[in-house]
Amino acid sequence: MDYSFRRAVIGDLPVVMEIYRNAQKYMAANGNPQWEEGFPSEEDIKGGIYGGIIYVVTFGGEIAEVFSAVNHDDDYESIEGKWETDGNYLAIHRQAVSEKYRGKGAAKFVLSVAAPEIARERGRKSLRMDTHEKNLPMLTLLESSGAKRCGIITIMRDGSKRIAFEKVL
């Protein structure tokens, strides 16, 4: 599929929130407690849109996926393990695919095209990501995209553990 990406605009909010709510249901139905009810919140997403860190992947003008890209994540300051690089990274978070596009390469597009392009524009040398041990689709995606398992991080907002990955560009 011929995907493209862009920064999200506030007019995208209803579709973006629908994608996140459906992703929450999908995760819960598959035994993954990663995104408890209400995360990410609409206020967080609005702030991210206004802050320029929320992106959408589109196909034919339709939103297929949403993700955020930030230059720093406090949760990545401490790791049980070792990162691949010295810390000049782009963190990719809140990646969620529309039900219609699940399994059609939108998530792979983020890690192979969109995120590396954003990282290079920002002068970043790697991508860092994390996921819950029960998020099997994301674990498979990260490993197949060339990201390496680096260890375990602790999420400050709730104390939960996540598997940390880094992909050197």
Side-chain angles (χ1 to χ4, degrees), residues 5-8 16-17 19-21 23-24 26-28 30-57 65-97 105-169:
F5 72 97
R6 61 174 171 78
R7 276 196 166 104
V16 165
M17 291 311 300
I19 290 170
Y20 280 128
R21 296 301 170 245
Q24 288 170 335
Y26 179 80
M27 286 183 192
N30 287 285
N32 176 3
Q34 185 168 346
W35 286 353
E36 63 279 1
E37 187 62 37
F39 181 84
S41 74
E42 187 169 322
E43 285 305 308
D44 286 341
I45 300 307
K46 275 184 192 175
I49 290 172
Y50 287 128
I53 63 165
I54 305 289
Y55 290 81
V56 293
V57 172
E65 170 151 359
V66 61
F67 68 98
S68 66
V70 296
N71 291 341
H72 178 81
D73 185 330
D74 288 340
D75 290 338
Y76 292 172
E77 289 298 310
S78 179
I79 185 170
E80 297 170 35
K82 186 176 185 322
W83 293 110
E84 293 286 303
T85 66
D86 64 2
N88 185 14
Y89 64 89
L90 182 73
I92 303 301
H93 290 305
R94 300 176 182 166
Q95 194 170 349
V97 180
K108 191 171 202 134
F109 173 82
V110 170
L111 297 181
S112 63
V113 177
E117 186 174 315
I118 295 165
R120 287 184 189 102
E121 286 174 3
R122 296 186 190 180
R124 303 292 162 166
K125 294 187 167 116
S126 70
L127 304 175
R128 287 186 184 175
M129 298 132 301
D130 65 83
T131 195
H132 193 279
E133 67 183 349
K134 292 184 178 178
N135 192 342
L136 300 181
M138 184 56 79
L139 287 168
T140 301
L141 172 69
L142 290 168
E143 290 170 346
S144 69
S145 75
K148 293 189 178 167
R149 282 185 190 227
C150 295
I152 303 293
I153 58 140
T154 301
I155 304 298
M156 291 181 200
R157 78 173 180 275
D158 65 8
S160 63
K161 304 286 187 183
R162 299 286 190 271
I163 302 170
F165 289 82
E166 187 166 21
K167 180 178 179 176
V168 179
L169 301 175

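With 3.5 Å as the limit, one finds no donor-acceptor pair spanning the side chains of Asp73 and Tyr89.
Side chains of Lys108 and Leu141 form a contact here, defined as non-hydrogen atoms less than 4.5 Å apart. Residues Val16 and Ile19 fail the side-chain proximity criterion, which asks for heavy atoms closer than 4.5 Å. Looking only at side-chain heavy atoms (C-beta outward), Val97 and Glu65 come within less than 4.5 Å of each other. Contact of the Tyr26 side chain with the Pro137 side chain is registered, since non-hydrogen atoms from C-beta on lie closer than 4.5 Å. Side-chain contact check for Met27 versus Lys134: every heavy-atom pair is 4.5 Å or farther apart. Annotation: side chain of Tyr76 is in contact with side chain of Asp130 (closest heavy-atom distance under 4.5 Å). For the pair Pro40 and Gln24, the minimum side-chain heavy-atom distance is below 4.5 Å. Annotation: side chain of Arg94 is not in contact with side chain of Val66 (no heavy-atom distance under 4.5 Å).
Scanning all heavy atoms of the two residues, the minimum distance from Met17 to Ser41 falls at CE-C, 4.1 Å. Across all their heavy atoms, Met129 and Ala147 have their closest contact at CE-CB, 4.2 Å. Here the closest heavy-atom approach between residue Thr85 and residue Ser126 is recorded as OG1-OG, 3.4 Å. Contact detail for Asn88 and Gly123: the closest heavy-atom pair is ND2-O, 3.1 Å. Closest heavy-atom contact between Ile49 and Ile54: N-CG1, 3.5 Å. Nearest approach of Ser78 to Ile153, heavy atoms of both residues: O-CG2, 3.7 Å.
Qualifying salt bridge (Lys or Arg N to Asp or Glu O under 4.0 Å) partners for Glu143, counting only residues two or more places apart in sequence or in other chains: Arg149.
Note on Arg120 versus Glu117: no salt bridge recorded, every NZ/NE/NH1/NH2 to OD/OE distance being 4.0 Å or above. Salt-bridge formation is detected for the pair Glu166/Arg128: a Lys NZ or Arg NE/NH1/NH2 atom is positioned less than 4.0 Å from an Asp or Glu carboxylate oxygen.
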task: Applying side chain to side chain contact (heavy atoms under 4.5 Å, CB included), run through Leu127 and Phe165 and close with a yes or a no.
output: CA-CA 8 Å; Leu127 304 175; Phe165 289 82; over 6 Å; no

field: Ile163 and Ile152: CA distance, side-chain angles, deciding distance, side chain to side chain contact (heavy atoms under 4.5 Å, CB included) verdict
entry: CA-CA 5 Å; Ile163 302 170; Ile152 303 293; 4.0 Å; yes

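Classified by interplanar angle (parallel below 30°, tilted 30° to 60°, perpendicular above 60°), the ring pair Tyr55/Phe67 is parallel.
Without hydrogens or angle criteria, Lys167 side chain to Ser145 main chain gives a donor-acceptor distance under 3.5 Å.
Aromatic ring centres of His93 and Phe39 lie farther apart than the 6.0 Å criterion allows.
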